[in-house]
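Below is one structure; the comments refer to it alone.
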There are 2 protein chains.
Amino acid sequence: MGTTTAERPSGFDAFTAMCPSRRLLDTIGDKWVSLAIVALGIRGPLRYSELASQIEGVSQKMLTQSLRKMERDGLLIRTVTPSVPVRTDYELTPLGLTLLPVIAHLKEWAEEHMADVDAARTAYDARA
Amino acid sequence: MGTTTAERPSGFDAFTAMCPSRRLLDTIGDKWVSLAIVALGIRGPLRYSELASQIEGVSQKMLTQSLRKMERDGLLIRTVTPSVPVRTDYELTPLGLTLLPVIAHLKEWAEEHMADVDAARTAYDARA
DNA sequence: CTGAATCCCCACGGATACTG
DNA sequence: CAGTATCCGTGGGGATTCAG
């Protein structure tokens, strides 16, 4: 399928592995990435240690890894101040800022419908 | 619904592990779940084999697993027709349908900004 | 303080074989 | 046709240690 026929009524082409939507989900589907975006979006520029303390439960390894990925994707700017000790600030780029409404939209759906999901789960588990 | 009453200035409380937004991302962050939602949203009810052929690259194990999860979450209805051979149809629930605009919103951002991400990546990798 | 490097576990997910 | 069961490799991700 997919490879030959070009009849996609609604304009969704997400079935091809490398479509943009797929890659976006790969990015914000990352737990720490989305949390970092929200944190930086709310509080503005933050130091590494500030991010670490705000995003509870994140390991140093994963936080650094996520921040590097975001920097590479142009979502944030990393500024190193070569003082002693070193100070590193992270700040969302204009591009990174445009993700806030997207995440807000997700949040909106979640707050509106997640109770239904919970109810469905309870009912489902009760049947089983 | 947040965990407690509003304590986060901008209304984001995603830092608590079990917040609704987090759980939504856990759901649609699943590659096959989102693809199945899109497929069912476009084509309407589909049989198992139809889903399998439309969502290219999915293994039978993962497809079944994802569909079960979605059924449990009340996102789709699974109808088994005990004929020979068996026939199983999957159809989005009204709740599942409400996810389509959300995914569409993701798609919109992706198509609008993913080129910037690619450019940023190229620049970043070139510097390294 | 910020981060790189290492060890290590185990959950995710593919391949295969079997069943109603 | 639509699964379930099993094996198994790979990689995500936590804990720890070292470095600038």
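Proteins get letters first, then strands, A, B, ... in listed order; numbering begins at 1 in each. Excluded from the calculations below are hydrogen atoms, water molecules and symmetry mates; all remaining heavy atoms, backbone and side chain alike, are included.
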[X] [atom1] to [N] [atom2], straight-line distance once rounded to whole Å:
{"X": "L67(B)", "N": "dT4(D)", "atom1": "CG", "atom2": "P", "value": "11 Å"}
{"X": "R87(A)", "N": "dC1(C)", "atom1": "CZ", "atom2": "P", "value": "12 Å"}
{"X": "L46(A)", "N": "dT2(C)", "atom1": "CG", "atom2": "C1'", "value": "15 Å"}
{"X": "Q65(A)", "N": "dG13(D)", "atom1": "CD", "atom2": "C1'", "value": "8 Å"}
{"X": "I55(A)", "N": "dG14(D)", "atom1": "CD1", "atom2": "C1'", "value": "16 Å"}
{"X": "K69(B)", "N": "dG3(D)", "atom1": "NZ", "atom2": "P", "value": "17 Å"}
{"X": "D89(B)", "N": "dG3(D)", "atom1": "CG", "atom2": "C1'", "value": "15 Å"}
{"X": "M62(A)", "N": "dT16(D)", "atom1": "CE", "atom2": "P", "value": "17 Å"}

- Closest approach of A52(B) and V58(B), non-hydrogen atoms and distance?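 Taking A52(B) first and V58(B) second, the nearest heavy atoms are O-CG1, 4.1 Å.
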- Message: Give me the atom names and distance for the closest heavy-atom approach of E50(B) to P45(B).
- Response: OE1-O, 4.5 Å
- Query: With a 4.5 Å limit on heavy-atom distance, are the side chains of Y48(A) and Q60(A) in contact?
  - Reply: yes
- Message: When you compare the side chain of E71(B) with that of I77(B), does any pair of heavy atoms fall below 4.5 Å?
- Response: no
Taking OP1 and OP2 of [N], is either one under 4.0 Å from a side-chain nitrogen or oxygen of [X]?
{"X": "T88(A)", "N": "dC1(C)", "value": "no"}
{"X": "R47(A)", "N": "dT2(C)", "value": "yes"}
{"X": "S59(B)", "N": "dA15(C)", "value": "no"}

- Message: Need one value for Q60(A): base, sugar-phosphate or nothing, where a base atom within 4.0 Å counts as base even if backbone is also close, heavy atoms only.
- Response: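 Since a base atom lies under 4.0 Å of Q60(A), the category is base.
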- T64(B) vs V86(B), nearer the 5' end of DNA chain D by closest nucleotide: V86(B)
- Query: Taking for each residue the nucleotide of DNA chain D with the nearest heavy atom, is it V58(A) or K61(B) whose nucleotide lies nearer the 5' end?
  - Reply: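 The answer here is K61(B).
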- Item | R78(B) side-chain proximity, nearest of dT2(C), dG3(D), dC1(D) |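 That would be dG3(D).
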- Note on the structure: Picking from dG3(D), dG14(C), dC1(C), the nucleotide nearest the side-chain atoms of Y90(B) would be dG3(D)
- CA sep, side-chain torsions, deciding dist, call: R23(A), T27(A), side chain to side chain contact (heavy atoms under 4.5 Å, CB included): CA-CA 6 Å; R23(A) 294 173 49 213; T27(A) 297; 5.7 Å; no
- Taking for E50(A) and for G57(B) the nucleotide of DNA chain C with the nearest heavy atom, the one nearer the 5' end belongs to E50(A)
